[in-house]
Each structure stands twice: as structure tokens, then as C-alpha cells.
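A short write-up of the structure that comes next.
Just so we're on the same page: letters track the sequence lines, and every chain starts at 1.
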2 protein chains.
Amino acid sequence: MKTLKYSRQRESIKSCLMARHDHPTADALYTSIREEYPNISLGTVYRNLNLLVELGEIQKLTCGDGADHFDADTSPHYHFVCRDCGQVYDLPLKTLDNINQLAQEYAAGHVDSHTIFFYGTCKNCLKKNLQ
Amino acid sequence: MKTLKYSRQRESIKSCLMARHDHPTADALYTSIREEYPNISLGTVYRNLNLLVELGEIQKLTCGDGADHFDADTSPHYHFVCRDCGQVYDLPLKTLDNINQLAQEYAAGHVDSHTIFFYGTCKNCLKKNLQ
DNA sequence: GTCCCTGCAAATCCTTTGCACTCCT
DNA sequence: AGGAGTGCAAAGGATTTGCAGGGAC
């Protein structure tokens with residue numbers, strides 16, 4: 001068990017992520033944080049994001065668009081990814097509580113979590129495409 | 001619409017993937033195919049895998065372990081990923097037909113597909129961990 | 001003082017791409 | 001012949017890591 005020391009960078013990363021309603025990539029967050037801490041490095045952002053994921057304080061979303069996204073909301077919920085603009089949205093779809101148990105029966109082992117991503121075109125892009 | 005020409009490499013990649021019960025990464029498939037075609041290049045494997053995905057003949061699985069995996073089974077089904085050994089297993093869990101429609105109501109746009117990944121420890125690794 | 005954390009840059013991993021050449025059709 | 005496909009190697013993007021210095025406790 002390693003001891004954790006305070007760092008203003010980590011605080012900033014965490015609060016910046018919590019303040020955002022989207023699900024930024026490490027790089028997007030880095031750009032954002034640079035406004036307050038112009039000297040922070042991308043490596044530090046990655047290191048702290050991974051640390052926060054390990055601590056269970058944030059969530060990493062691998063939706064398949066190249067870069068991982070991060071989410072300060074760790075409560076179980078699902079995501080909608082727009083293939084046109086790349087935005088990742090939360091879905092207030094209630095958790096399928098029984099689905100892990102259902103999977104458990106078929107999985108050759110122990111299931112402890114699951115992810116669901118929906119893909120399609122968001123309203124903004126649907127509108128844009130009509131023009 | 002581009003014309004498609006036969007290539008023994010593409011045939012080999014496709015049949016090699018269909019013959020496997022696991023869900024290999026591009027690199028794993030490359031190693032496998034090299035036994036038959038020692039001169040095939042990794043670039044060709046990637047190019048053809050992407051082409052086959054576009055044609056809808058195979059499926060790309062981005063489960064978040066670094067490299068994409070590929071699956072010759074394009075029928076809708078879900079996957080179990082062992083965090084210990086990295087194996088990706090099929091789950092004979094029946095499709096949640098209504099889930100896309102359910103998501104549709106909350107998604108700000110049009111949903112056309114979804115992916116579900118379960119994570120945990122497979123039987124082999126559970127056994128190994130006890131020793 | 002100790003040890004964690006940082007900035008920086010180099011390294012690593014996975015994937016894509018440019019180019020000259022080869023093989024289908 | 002024409003153009004799609006290939007091998008090779010270099011480029012690309014995302015993420016990690018080694019190191020020397022800085023900050024928390």
C-alpha cells in the first residue's frame with residue numbers, strides 16, 4: 001500500500017474532470033488544465049488519471065475511437081458515442097442489475113463488471129447532415 | 001464503389017480467423033499466418049482486417065486492453081474479457097433486442113448498434129491464482 | 001531527510017501510410 | 001494495360017517511462 005501525497009496538479013485534474021459534462025480525453029483535459037497550470041505536462045495528466053482510476057475515483061472509457069476518455073461519474077451507467085462528431089454522452093439508462101449474474105452463468109469464471117456502449121449519430125449531427 | 005480483387009493473403013487472413021475459436025489481435029493473426037505465408041507483412045494484415053470489417057465480414061473488438069481483437073462471428077453476441085490472462089471469450093448470452101430502443105429514448109440521436117463487454121477472471125486464472 | 005510527484009523528453013506500443021513493385025482481371 | 005493488392009519501412013498517434021530536480025510530510 002503506497003502512501004499518497006497531496007499534489008495541486010492531481011487536485012486540479014480531478015476537479016477539472018468533475019466540472020465537465022462531457023467525457024474528455026487525456027489530451028483535451030491537458031489543454032483545459034493548462035489554462036490554470038501552464039507548466040503541467042501531459043505525462044503528469046496521464047499518470048494522475050491512471051492513479052485516480054486505480055483509486056476508483058474516476059472511470060476510463062475505451063469506446064474505440066482511438067483515445068481513451070475519462071468520466072468523473074463512477075456510478076454505473078452507460079454511454080452513447082456519436083460516430084460523426086465523436087462526442088460521448090451519458091445515458092440515464094438504469095443499470096441492468098441482473099446482467100452480470102446472467103453473464104456469470106455463461107462466463108467461464110467470475111464477472112465483476114461490464115461496459116455498454118451505444119453507437120450512432122447524435123441529434124446535432126443528424127441536424128447538420130440534413131442541411 | 002470500389003472493385004474488389006482476389007488476393008490469397010486476404011483469403012488466408014479470413015479463413016485463419018474463422019478457424020480460430022479465440023479472438024486474436026492483428027499481431028497474433030500475423031504470427032499465425034506467417035507459418036503459411038512467411039512473407040506476408042503486418043501492414044497487409046491490418047489493411048485486410050480493416051477491409052473485412054468495412055465489408056461486414058468480420059468484427060473488430062475494442063475491449064480496452066491496448067490492442068484491438070478480431071472476431072469472424074458477426075452475429076450479435078457479447079464478450080467476456082479476463083483481466084488476468086487477456087483472453088476474450090464469446091458469451092452465448094441472447095441479444096438484448098429491446099436495449100437499443102430503450103437507449104434510443106435517452107440518446108440524443110439515432111442508435112444503430114451497441115457493444116457489451118464483461119470483465120473479470122476466467123476459470124483457468126481462478127484456478128491458477130489458488131495455487 | 002525521505003520519498004512521492006513533477007516536467008521533460010525519449011521510448012514504446014499499436015496502427016496507418018507512401019512508395020515502388022507485383023499480381024488479378 | 002489498368003488498377004487493386006503487397007512488402008517494406010517510415011510515419012503517426014496515444015500512452016508510458018527514465019531521470020533529475022522539486023515539494024509534501
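- Between A:L51 atom CG and C:dT6 atom P there is a gap of 9 Å when expressed in whole angstrom units.
- Distances shown here put a side-chain N or O of B:T44 below 4.0 Å from the OP1 or OP2 atom of D:dG7.
- Computed from coordinates, the B:I40 CD1 to C:dC23 P distance equals 14 Å when rounded to whole Å.
- Within the structure, a side-chain polar atom (N or O) of A:S41 is placed less than 4.0 Å from OP1 or OP2 of C:dG7.
- The side chain of A:R8 contributes no N or O atom lying less than 4.0 Å from OP1 or OP2 of D:dG23.
- A:S32 places no side-chain N or O within 3.5 Å of a backbone atom of A:A28 that could act as its donor or acceptor partner.
- Under the 30°/60° scheme for interplanar angles, the aromatic rings of A:H114 and B:F118 are found to be tilted.
- Taking atom OH on A:Y30 and atom C1' on C:dG7, their separation rounds to 10 Å, with Å as the unit.
- Residue A:D27 is out of contact with every strand shown, counting any heavy-atom pair closer than 4.0 Å.
- Counting any heavy atom pair closer than 4.0 Å across all strands shown, B:Y6 reaches sugar-phosphate atoms only and no base atom.
- Both B:F70 and B:L4 lie close to DNA chain C; mapped to their nearest nucleotides by heavy-atom distance, the more 5′-ward contact belongs to B:F70.
- Residue A:A67 places its side chain closer to D:dA14 than to any other of C:dT6, D:dG7, D:dA14.
- A sub-4.0 Å separation between OP1 or OP2 of C:dG7 and a side-chain N or O of A:Q9 is present.
- Relative to the side chain of B:K60, the nucleotides D:dG7, C:dT6, C:dT16 differ in distance, and C:dT16 lies closest.
- One can place CG of B:D68 at 14 Å from P of D:dA14, the figure rounded to the nearest angstrom.
- Here the two rings, on B:H21 and B:H23, have centers that are 6.0 Å apart or farther.
- The residue A:R47 sits close to a base: some heavy atom pair falls under 4.0 Å.
- Contacts of A:N50 with the nucleic acid, taken as non-hydrogen atoms under 4.0 Å apart, involve only primed sugar atoms and P, OP1 or OP2.
- Atom pair A:Y46:OH and C:dT12:P shows a separation of 18 Å (rounding to whole Å applied).
- The interatomic distance linking A:N48 (CG) with C:dC4 (P) rounds to 15 Å, in whole Å.
- Of the two residues near DNA chain D, A:A26 and A:K5, the one whose nearest nucleotide lies more 5' is A:A26.
- Under 4.0 angstrom from either OP1 or OP2 of D:dT6 there lies at least one side-chain N or O belonging to B:S7.
- If you take CZ of B:R10 and P of C:dT22, they are 20 Å apart, rounded to a whole angstrom.
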